[in-house]
Every structure is written in C-alpha cells, then in structure tokens.
Protein chains: 2
Amino acid sequence: MSEVVKTDRRILRTKQAITTAFLELFAKKDFEQITINEIADRANVNRGTVYLHFSDKYELLDKCMESHIQELISLCQSQDTGPIQPGVIRDPKPFFDYVQEHYAFLSALFSNQRAFVFRDRLLHYIASSLTAKLERPDRAIDKEVNAQFMASAFIGVVEWWIRHQMPHSTKYMADQVHHLFSHSQGSPPADTRN
Amino acid sequence: MSEVVKTDRRILRTKQAITTAFLELFAKKDFEQITINEIADRANVNRGTVYLHFSDKYELLDKCMESHIQELISLCQSQDTGPIQPGVIRDPKPFFDYVQEHYAFLSALFSNQRAFVFRDRLLHYIASSLTAKLERPDRAIDKEVNAQFMASAFIGVVEWWIRHQMPHSTKYMADQVHHLFSHSQGSPPADTRN
DNA sequence: CCGAAATCGTCCCATAAACAACAAAACCCT
DNA sequence: AGGGTTTTGTTGTTTATGGGACGATTTCGG
C-alpha cells in the first residue's frame, strides 16, 4: 500500500553527525553559546548543510528532545503486555537505565529553559496512557486526576534524580519507585478531594 | 610554498565511517568472515563508495594498521627530547595507555595472520630509532644488535600483555618495563657473542 | 554435485552535500 | 557610539556519494 520511500543514506549519516556533534556540545557548554559554525565544524559538515536539515539550533534541540521522548515512550510501550500492576511502567529500571545512559544530554537539558517542553511532553504521554489503563474501583477518585498524580510523581522522581547527579543506582531508584507506586496506588493523598 | 589542498569533508567523514565500521566488525568477528556489504551497511555508505577508497578489505586492514602505527610512533617521538635514559621510550605508560584504549582492535589483530606486519613495522621503527640513539661504550656489543634486543623485548612485552587480555594496569606495565630496561641496559644476555 | 543465494567488482545517472561568496545581523572591545 | 570581527542565512556551481543494475564469481544447503 503506502510506499515506504527509504531516505538517502547521506541524509541519515549527516543528520546523525550533526545531532551527535550538537549533543556533545550541548553537554559541555551553554546552549546559547553554541554556534552553527561550531556544530558544522565538529560534525565535519558544511555549514550550509546544517541549514538543509534544521532551520536553526532551536529546532535542532527540539528534534533531539523529540527523539529522546520517542525512545522513552517506546521503552514504556515495550512493557505494555498483560495486566497492569503498579502503574503503566511495570519495571521502571529500563527507564532509569536509559536516563543514566544519556545523562550528559539530559542533565544539560534540565538546566535549560526549554526543558519544560521535554518534561511536559513525557508527562502528558504517561498520564494519558495511565488514564486509559487505570482501573479505579473507588468512585470518589477521578481516574484522570489519579493518572496525573502518578505520572507527575514518577517524572518528578526522575527529574530529581537527574538534577542531583544520579546519587543512587538505577536498580535502587527502580525499587524505590516500585515501592512508592505500589503503596500509593490504592491510597492517594488524603486531602486530594478538597 | 606547497599548497595544502585540504580534502573534501565528505571524504573524511566517509573514510572515518568505513574505518570505524570495519574496526567494530573486526573486533567482534573473524576477519575473513567480514564482507564489504556488511561494512558498507554498518557505515551507512553505499557499497560502491567503499571501493572508491579501498580496493578491498585487505587494504582497509592495512590502512588501519598503518594509522595505529603512525599514532604509536608519534607517541614515541613526542618524548624525544633531552638525553635518552633507558631506551627510546622514556616513559612507556602512554604507549600502554594507547594500546589499552584500542584493545578491541589490537587484540583482534593479534589473533590474525596479518598481525606480523603490524608487529614488524613497529619493531623496525623502534629498533632503528634505538640504533641511532644508543650509546655503547662497550665495544664488544653491537649497537644494532642491542637495539634489536631492546626493541624486541619491549614489543614482546606489549604483545604478551595484549594476548593475555591486559592482566595488569598500564601503570604496572610501564613500571615493569622501566625496571627491566634499566637493568638490562648495560648487561645483555651473556652468550650473545657465540 | 547442482542450483539458489549471496557477494563481488564495476558501471551509469540522480542528487545530497561541499565549497565559495555574499549581504545582513549580531557580537565584541575600547 | 562605532569599527572590526564573527555569525548568520542564502545563493550558485561543483563534486562525492547513493541507488540501482549488471554479469561474474563465490558460498552454501540439500
């Protein structure tokens, strides 16, 4: 049916080179200080070529965030089989592992104004995914509110972990999240209804 | 004077991609099993493009060895200042560090027939460099033989270290070499003259 | 041993990217 | 402020590479 036109390999390589170069720079210096010249130079790419794929460095950053978000989302989805246990994310360890692996970029991201985009997009996905899956026998508690509550909690923990330079192992964090989730699952904060 | 025509960036990137892809494959599977298809695929490069730069995988391997040899040689030369102490290589640690850094390739190389080229080229450089520098008050001992002796010893130790999966730290190895050299410096094997 | 599949080496043509030059902004430094 | 430098977008031309196809080996399974 829909013809899958596979993109030119040069495009893939070039995009990859530019992205990698940008990520390396982003991890080490302030975003605003980064110039297109620098990126092109490091990527071994002509400056014009950068403009061929990205309108400016802001879009470049957006694309990077987007790809990380997609990666994290598919990481969550890969576990979406069988009955849900203590949240959408049955085992949060792969999630933490991924964050740890891309720590350089993510920590830099969270010291940037634009991090909120990243945070919000991820939060939104997890929340809506939770809303669909959650089963609330308790009629007094709004399903969506609960989802938002849990999603925010999870993202909050991840963000804290990043901002504090990963003070614990991914295993430890995963266990913590697991415990926290299974405890709060049936008992959200008492005063939520006010 | 001589115009330095800097090569097209695409060439640099492509060569780099091909080389890296090859190195990764070489580190993980038998050289003879590696196909041009595989290399091109992994490098995200058209198969024809590989032939544009390398006549075959043998030349590709040669070029890789060559670059490592050049790197190691320049590593030695960077220390070539002042009077020689216990050999050409005053501090062998950088040498071991480099080997450790490229262990994946080098260990694969030494389980390959073609490793002898690498070994010989490096040995030859060190030996001839030693010959030029060595000062032998003892007329009974041939300068060149001595150089060969020391160079072989050094390369032999390095090779052993690689083949035994780097059982000691680079620091430890460097110290060992240092001690061995300063001891053997004036006293080569007793029966060399026969 | 044979036939299918994979790899090889080489070609042509289309095109992504390099290069160079440009004016306009943005950034400095004093 | 203001002159010199760097960065920015954008443009034309040239070139290296991609895609695809070719017959000739080579590899491999039955």
Is NZ or CZ of K57(B) both nearer than 6.0 Å to the six-membered ring centre of F31(B) and within 45° of the ring axis? yes
In whole angstrom, what separates R13(A)'s CZ from dG18(D)'s C1'? 10 Å
Hey, does the side-chain of R10(A) have a donor or acceptor N/O within less than 3.5 Å of a partner on the base of dT17(D)? yes
Just how far, in rounded Å, is P of dT7(D) from CG of L25(A)? 13 Å
Verdict with reasoning, R47(B) to I39(B), per side chain to side chain contact (heavy atoms under 4.5 Å, CB included): CA-CA 8 Å; R47(B) 194 160 51 81; I39(B) 297 168; over 6 Å; no
Taking 4.0 angstrom as the limit, do R42(B) and E38(B) come out as a salt bridge? no
Check for me whether the distance between the ring centres of F154(A) and F95(A) falls short of 6.0 Å. yes
Closest-nucleotide 5' rank along DNA chain D - winner of T14(B) and G48(A): G48(A)
If an axis is fit to five pairs at each end of the helix from dT10(C)-dA21(D) to dT30(C)-dA1(D), what is the angle between the two, to the nearest 10°? 60°
NA contact type, R9(A), heavy-atom cut-off 4.0 Å: base, sugar-phosphate, or nothing? sugar-phosphate
Let me know the distance between CG of N46(A) and P of dT10(D), rounded to the nearest Å. 15 Å
Along DNA chain C (nearest heavy atom to each residue), the more 5'-positioned of R47(A) and L12(A): L12(A)
Check whether any side-chain nitrogen or oxygen of H53(B) sits under 4.0 Å from OP1 or OP2 of dT17(D), and answer yes or no. yes
Once you round it to whole Å, what is the distance between P of dG9(C) and CD of E59(B)? 12 Å
So, are K28(A) and E24(A) salt-bridged, with charged N and O less than 4.0 Å apart? no
If you pin I11(B) and D56(A) to their nearest nucleotides in DNA chain D, which one's is more 5'? D56(A)
R10(A)/D8(A) ion pair, N-O < 4.0 Å: yes
Crowded around H168(B) NE2? As in, over 12 foreign heavy atoms under 6.0 Å? yes
Is the base of dG18(D) touched by the side chain of D8(A) through a donor-acceptor pair closer than 3.5 angstrom? no
So which of residues 26-44 of chain B are in contact with DNA chain D, with a heavy-atom cut-off of under 4.0 Å? N44(B)
Sequence neighbours excluded, the answer for side-chain hydrogen bond (donor to acceptor under 3.5 Å, both in side chains) partners of H102(B) is none
Report the distance from atom OH of Y51(B) to atom C1' of dG19(D), rounded to the nearest whole Å. 16 Å
Return yes if a side-chain donor-acceptor contact under 3.5 Å exists between S67(B) and E71(B), otherwise no. no
